[in-house]
Amino acid sequence: MSTHANVLDDLEWRGLIANSTDRDALHSHLGSGSVRYYVGFDPTAPSLHMGHLVQVLTARRLQEAGHTPYLLVGGATGLIGDPRDSGERTLNALDTVKEWVDKVRGQLEPFLSFEGPNAATMVNNYDWTASLSTIDFLRDIGKHFPVNRMLARDTVRRRLDSGISYTEFSYVLLQSMDFLNLHRDHGVTLQFGGSDQWGNLTAGADLIRRVEQGHAHAFSTPLLTKSDGTKYGKTEGGALWLDPEMLSPYAFYQFWLNVEDAKIGELLRVFTFLSHDEITDLEARSAEKPFLRLGQKALAREVTSLVHGSEETDRIEAASAALFGGGDLRALPGTTLAAALVEAGSVTAPAGDGRLGVVDLLVETGLAKSKGEARRTISEGGAYLNNERVTDADLVPGPDDALDGGWLVLRRGKKNLAGVQLV
RNA sequence: GGCGGGUUGCCCGAGCGGCCAAUGGGAGCGGACUGUAAAUCCGUCGGCGUAGCCUUCGAAGGUUCGAAUCCUUCACCCGCCA
């Protein structure tokens, strides 16, 4: 278990510090007692995703080491949107953002402790911005931001060509003001965030120095990328959402299970609470016998348990074993099949009159987006019924094809499975 | 406010009256290899009742036998000038 002082060493070992203000000063500050720190989440969607998880878990590591978390959900900043390279954002409706604020808060809560001497606190920057007058804002905050320096910031400079609104340009002022207010009212002295937030983090620390002559710290976590340099976190359903309604826990688990070998150590360090020894050991064993996928299995188990609970993870593991175990599906009892296919996703279809063909079944189960895509998949040899390749697009599976319990196991490609129960 | 440029499929981007469901790249998807890795190679990539039909090229009208391509109006974006 990390202590006040050495938590920074742990974070560094895990590769979680991409950038920080004076490292030694931060180290001794963290050693001086329970440091109040904050991390912000903007409600730009109804759920957090993999990228946010890095911050959430980092917040938890700091709390476990005895420091005191302030979790900010950006009811105000979420209405503005920070500048990103892909271009100007579309503003979300007030009601939508409010709804998302609640959802995001609900998602964050299970990860931290709200009891004890270093209990976590939830804050919302809407509380101190909504009633702020424009004049006060410009005089008290705006005055401390030289436009020439703001223009020099990377995120802004990259947007000067394609265009950037005053709204997004001003985002950094709001986030800096958050840090200032939390510093003033709650004694917060540390902020962290993703590496893309670095400019906003330092701007806040600067503002505290200018206005309060206070000393604040900041660090950023690295942007995780795949070996080819592209971003992580995309699945067929879009982003790697934490909300089980938006991405099934089964699909979530599968994402981690399919992580590339080269990234196993890095991801174990960032996303699990396994000890240094356990991780080093897993890395060594994975490198020796990569085909056993020990690292992937541990990673998938740990992260899925953190997000969806260990009971759900047990069910998913059993489902994966049944469906990917390589054994004969016909040997599986109906109860096992049912449990596994519920995790993986399933639908029901009539067994008698109105029986559906494979093409329709592929669409019904969501394995294919359209009948055309289903037909294409079949002609490409990518469709399987009960682990046997489907070659005839006109095939209409009936009770004779069903496994125990009336189940059909449909598969598209290597890893997309769904169940159909004939009733 | 004036003038000029632009708005094309998930993204970027060609096309500038018929040969356009629309070149190319990326992403995605499938196959081969393997380990439910990576890399590579091959195929595919609007919808449907798939040798045919339907709906797409910012929106609405119009010209034409025929429009993503021409005209008009509107919306939005970019630039220059005021």
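Values in this document were obtained by computation on a predicted structure and should not be read as measured data. Only heavy atoms go into these numbers, but all of them, side chains included; no hydrogens, no water, no symmetry mates.
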Which part of the nucleic acid, if any, lies within contact of [X], taking any heavy atom under 4.0 Å across all strands shown: a base, the sugar-phosphate backbone alone, or nothing?
X: A:Arg411; result: nothing
X: A:Ser379; result: nothing
X: A:Gly413; result: sugar-phosphate
X: A:Glu373; result: nothing
X: A:Tyr384; result: sugar-phosphate

What distance, rounded to whole Å, do you find between the two [atom1] atoms, one in [N] and one in [M]?
N: B:C33; M: B:C77; atom1: C1'; value: 48 Å
N: B:C70; M: B:C57; atom1: C1'; value: 16 Å
N: B:G30; M: B:C78; atom1: P; value: 39 Å
N: B:C19; M: B:C12; atom1: P; value: 26 Å
N: B:G79; M: B:C71; atom1: C1'; value: 25 Å
N: B:A37; M: B:G46; atom1: C1'; value: 33 Å
N: B:C54; M: B:C29; atom1: C1'; value: 24 Å
N: B:U69; M: B:G18; atom1: P; value: 11 Å

Interatomic distance, [X] [atom1] vs [N] [atom2] [rounded to whole Å]:
X: A:Glu266; N: B:A38; atom1: CD; atom2: P; value: 15 Å
X: A:Leu299; N: B:A37; atom1: CG; atom2: C1'; value: 13 Å
X: A:Ile378; N: B:G31; atom1: CD1; atom2: C1'; value: 15 Å
X: A:Lys369; N: B:C29; atom1: NZ; atom2: P; value: 8 Å
X: A:Phe255; N: B:G28; atom1: CZ; atom2: C1'; value: 16 Å
X: A:Lys414; N: B:A38; atom1: NZ; atom2: C1'; value: 11 Å
X: A:Lys371; N: B:C54; atom1: NZ; atom2: C1'; value: 15 Å
X: A:Glu260; N: B:A37; atom1: CD; atom2: P; value: 12 Å

Choosing from [options], which nucleotide comes nearest the side chain of [X]?
X: A:Asn416; options: B:C48, B:G30, B:G35; answer: B:G30
X: A:Arg375; options: B:G31, B:G49, B:G35; answer: B:G49
X: A:Arg412; options: B:G31, B:C48, B:C29; answer: B:C29
X: A:Gln296; options: B:G30, B:G31, B:G35; answer: B:G35
X: A:Phe291; options: B:G30, B:G35, B:A37; answer: B:G35

Hey, does the side chain of [X] come within less than 4.0 Å of [N]'s phosphate (OP1/OP2), counting only N and O?
X: A:Arg376; N: B:G31; answer: no
X: A:Ser370; N: B:G46; answer: no
X: A:Arg293; N: B:U34; answer: no
X: A:Lys415; N: B:A37; answer: yes

Look at [X] together with [Y] and state whether they make a salt bridge at an N to O cut-off of under 4.0 Å.
X: A:Glu380; Y: A:Arg376; value: no
X: A:Arg14; Y: A:Asp10; value: yes
X: A:Glu312; Y: A:Arg315; value: yes
X: A:Arg210; Y: A:Asp206; value: no

Practice item. Assess A:Arg153 against A:Phe169: is NZ or CZ under 6.0 Å from the centre of the six-membered ring, and within 45 degrees of the ring's axis? Key: no

Paired nucleotide for [N] [Watson-Crick or G-U wobble; both distances under 3.5 Å]:
N: B:G28; result: B:U44
N: B:A21; result: none
N: B:C57; result: none
N: B:C70; result: B:G62

Check your understanding: Any chance the rings of A:Phe179 and A:Tyr38 have centres within less than 6.0 Å?
Key -> yes

**Study point:** Sub-6.0 Å ring centroid separation between A:Trp241 and A:Phe252
**Key:** no

Review point. Hey, which of these two, A:Val259 or A:Gly372, hits RNA chain B nearer its 5' end, going by closest nucleotide?
Key: A:Val259

Review point. Quick one: on RNA chain B, does A:Gly382 or A:Ala262 contact a more 5' nucleotide (nearest heavy atom)?
Key: A:Gly382

**Study point:** Base B:G43 to side chain A:Glu380, donor-acceptor N/O within 3.5 Å cut-off
**Key:** yes

Practice item. Describe, in one word, how the ring planes of A:Phe192 and A:Phe219 are oriented to each other, choosing from parallel (under 30°), tilted (30 to 60°) and perpendicular (over 60°). Key: parallel

